[in-house]
Amino acid sequence: MLDIADRPTSHDDNSAPPAGGSPIAMNVVNRWVPHNIVMRDSWFPVAHDYSVTGKPVRRAVYSNPIFLWRDNGVVVASEFHPNERVVRDKSDYTDARGRYPVMEHYGVVWIWLGNPLAADPRHLPSLPFLPPKGGLPRHMTATVRFESSAPISLENLIDLTHADFLHADVVGDERSDSETIETYYDSETVTMVRTCVNKSVAPVMKFFSGIKQPTQNVRQVIRIYLRSHCAIAYGRFSPGDDVPLFHPCTPETRDRTRMEMVMNTSNAGRMFSYVMPKAGYKVSRQDSYMTSPQSPRYMRHTDRKDLHSKFDQAGQRYRMAMMELADRQAKGDFAYRDNVSADCSDIIGLRKELFQF
């Protein structure tokens with residue numbers, strides 16, 4: 001198992017990547033084409049476990065067809081429908097029967113897209129606030145779609161400051177006494193940590209958790225697993241409830257994204273635990289309103305530069321890391337240099353006493 005070496009990055013960091021990588025100049029990052037990025041040798045979340053039954057359901061990753069069903073309770077993932085008369089060649093991503101490596105974990109069904117012989121459970125992202133065997137109530141889950149490429153959805157997500165303006169009616173506005181932003185990364189992950197002192201209390205907590213104080217101390221974390229296009233969000237609100245969210249952005253196509261969300265609000269008050277996961281539908285519509293028009297503008301190279309503020313460190317690092325990883329894969333290097341399954345509880349600030357499984 002490899003050790004994660006999270007490290008901070010400055011806004012002007014143009015340093016070369018680790019040995020064997022390709023340096024990505026900042027002016028290239030500002031003209032990136034996310035639709036051209038296709039990740040391989042990764043676990044992709046494609047369904048909540050309860051949605052897979054004996055009747056086949058269809059999913060897709062990068063337009064590769066995936067049919068899911070259960071055979072004596074065991075999940076099967078195939079590029080062919082079980083009743084299909086196979087008249088086409090199978091892909092390189094499946095075994096001799098046309099089946100993908102598949103596993104159930106965290107209440108989610110994952111398929112491996114890439115070399116089937118390289119599939120290994122140790123490359124599954126760490127989601128420490130979800131029970132490994134699943135079992136959370138269905139009201140803590142949701143399925144959302146975005147009409148944009150997965151990297152654009154994730155780049156939007158990792159800029160935590162956007163929530164103050166786009167989602168102020170849910171999580172509160174931008175007012176606070178102080179705010180700090182930290183960015184950490186390795187070759188497989190990018191993490192942004194935002195800490196606010198005396199921030200305007202989140203309306204959803206004011207109305208559904210009974211918070212009477214006008215302000216909260218807030219620590220928000222977004223951690224992105226690059227290959228699988230998965231993110232985890234963990235918010236600690238004091239006073240208030242912890243908000244742990246699994247936010248995958250599975251690329252159904254290069255410009256359409258599926259999110260099989262899981263929010264573990266088991267430790268929150270009864271009303272908040274039911275309402276907050278449903279707020280995901282409202283928040284996702286707001287995000288889609290912003291990202292859908294952006295998506296087609298990034299479909300081809302352009303001389304126009306993106307502009308960035310000091311709060312975009314994590315987004316810049318995300319672009320750079322994705323381009324470096326895509327470049328390595330284009331050259332035939334699919335090896336993992338860092339361990340995505342290593343417990344990330346400490347970096348996200350997880351209150352472990354609340355999530356013992």
Side-chain angles (χ1 to χ4, degrees), residues 4 6 8 106 125-131 136 140 154 157-185 189-225 230-248 261-280 282-283 311 313-314 342-357:
I4 283 184
D6 289 310
Y106 301 124
S126 170
L127 311 178
F129 49 74
L130 296 184
L136 291 177
M140 295 182 186
L154 288 166
L157 181 67
I158 203 170
D159 174 17
L160 284 164
T161 61
H162 86 279
D164 297 345
F165 305 95
L166 194 57
H167 313 307
D169 55 347
V170 176
V171 299
D173 57 35
E174 77 281 7
R175 288 174 292 180
S176 67
D177 288 350
S178 67
E179 176 179 7
T180 60
I181 301 291
E182 301 167 278
T183 303
Y184 304 92
Y185 66 95
T189 67
V190 177
T191 304
M192 178 181 185
V193 181
R194 181 192 189 199
T195 306
C196 299
V197 176
N198 292 332
K199 188 179 187 297
S200 299
V201 70
V204 70
M205 291 189 179
K206 180 184 298 184
F207 295 112
F208 299 106
S209 290
I211 304 301
K212 303 300 183 183
Q213 294 88 331
T215 63
Q216 299 169 301
N217 292 330
V218 180
R219 185 180 190 272
Q220 298 169 304
V221 182
I222 297 291
R223 181 173 177 83
I224 295 178
Y225 295 96
C230 289
I232 56 177
Y234 187 71
R236 294 184 61 174
F237 298 80
S238 180
D241 296 296
D242 287 15
V243 181
L245 169 66
F246 174 46
H247 189 297
M261 184 207 82
V262 185
M263 184 181 291
N264 187 356
T265 52
S266 300
N267 297 292
R270 181 175 178 82
M271 184 176 294
F272 183 83
S273 71
Y274 275 86
V275 171
M276 189 60 195
K278 300 307 178 187
K282 177 182 180 66
V283 169
F311 296 111
Q313 295 175 13
D343 184 10
C344 65
S345 297
D346 290 338
I347 193 171
I348 69 173
L350 186 73
R351 289 202 289 170
K352 297 180 183 180
E353 67 274 14
L354 298 181
F355 303 96
Q356 298 183 8
F357 308 115

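The figures here come from the full heavy-atom set of this structure, side chains too, leaving out hydrogens, waters and symmetry mates.
Residues Cys230 and His247 fail the side-chain proximity criterion, which asks for heavy atoms closer than 4.5 Å. At least one side-chain heavy atom of Met205 sits less than 4.5 Å from a side-chain heavy atom of Phe272. Under the 4.5 Å side-chain criterion, counting only non-hydrogen atoms from C-beta, Cys344 is in contact with Arg223. The side-chain heavy atoms of Ile347 and Thr191, taken from C-beta on, include a pair separated by under 4.5 Å. Within the 4.5 Å cutoff, no side-chain heavy atoms of Asp241 are placed close to those of Asn267. Considering only heavy atoms from C-beta on, Gln220 stays 4.5 Å or farther from Val193 through its side chain. Contact check for Cys196 versus Asp177: no side-chain heavy atoms found under the 4.5 Å cut-off. The shortest distance between side-chain heavy atoms of Ser266 and Met140 falls below 4.5 Å.
With Lys199 as the fixed residue, the side chain to side chain contact (heavy atoms under 4.5 Å, CB included) test singles out one of Thr215, Val218, Asn217: Val218.
A salt bridge links Asp346 with Lys352; the closest basic N to acidic carboxylate O contact falls under 4.0 Å.
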Pair Ile224-Thr189, side chain to side chain contact (heavy atoms under 4.5 Å, CB included): steps then yes or no | CA-CA 5 Å; Ile224 295 178; Thr189 67; over 6 Å; no
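Ring geometry for Phe355 against Tyr234 counts as perpendicular: the plane angle is over 60°, on a 0 to 90° scale with 30° as the lower cut.
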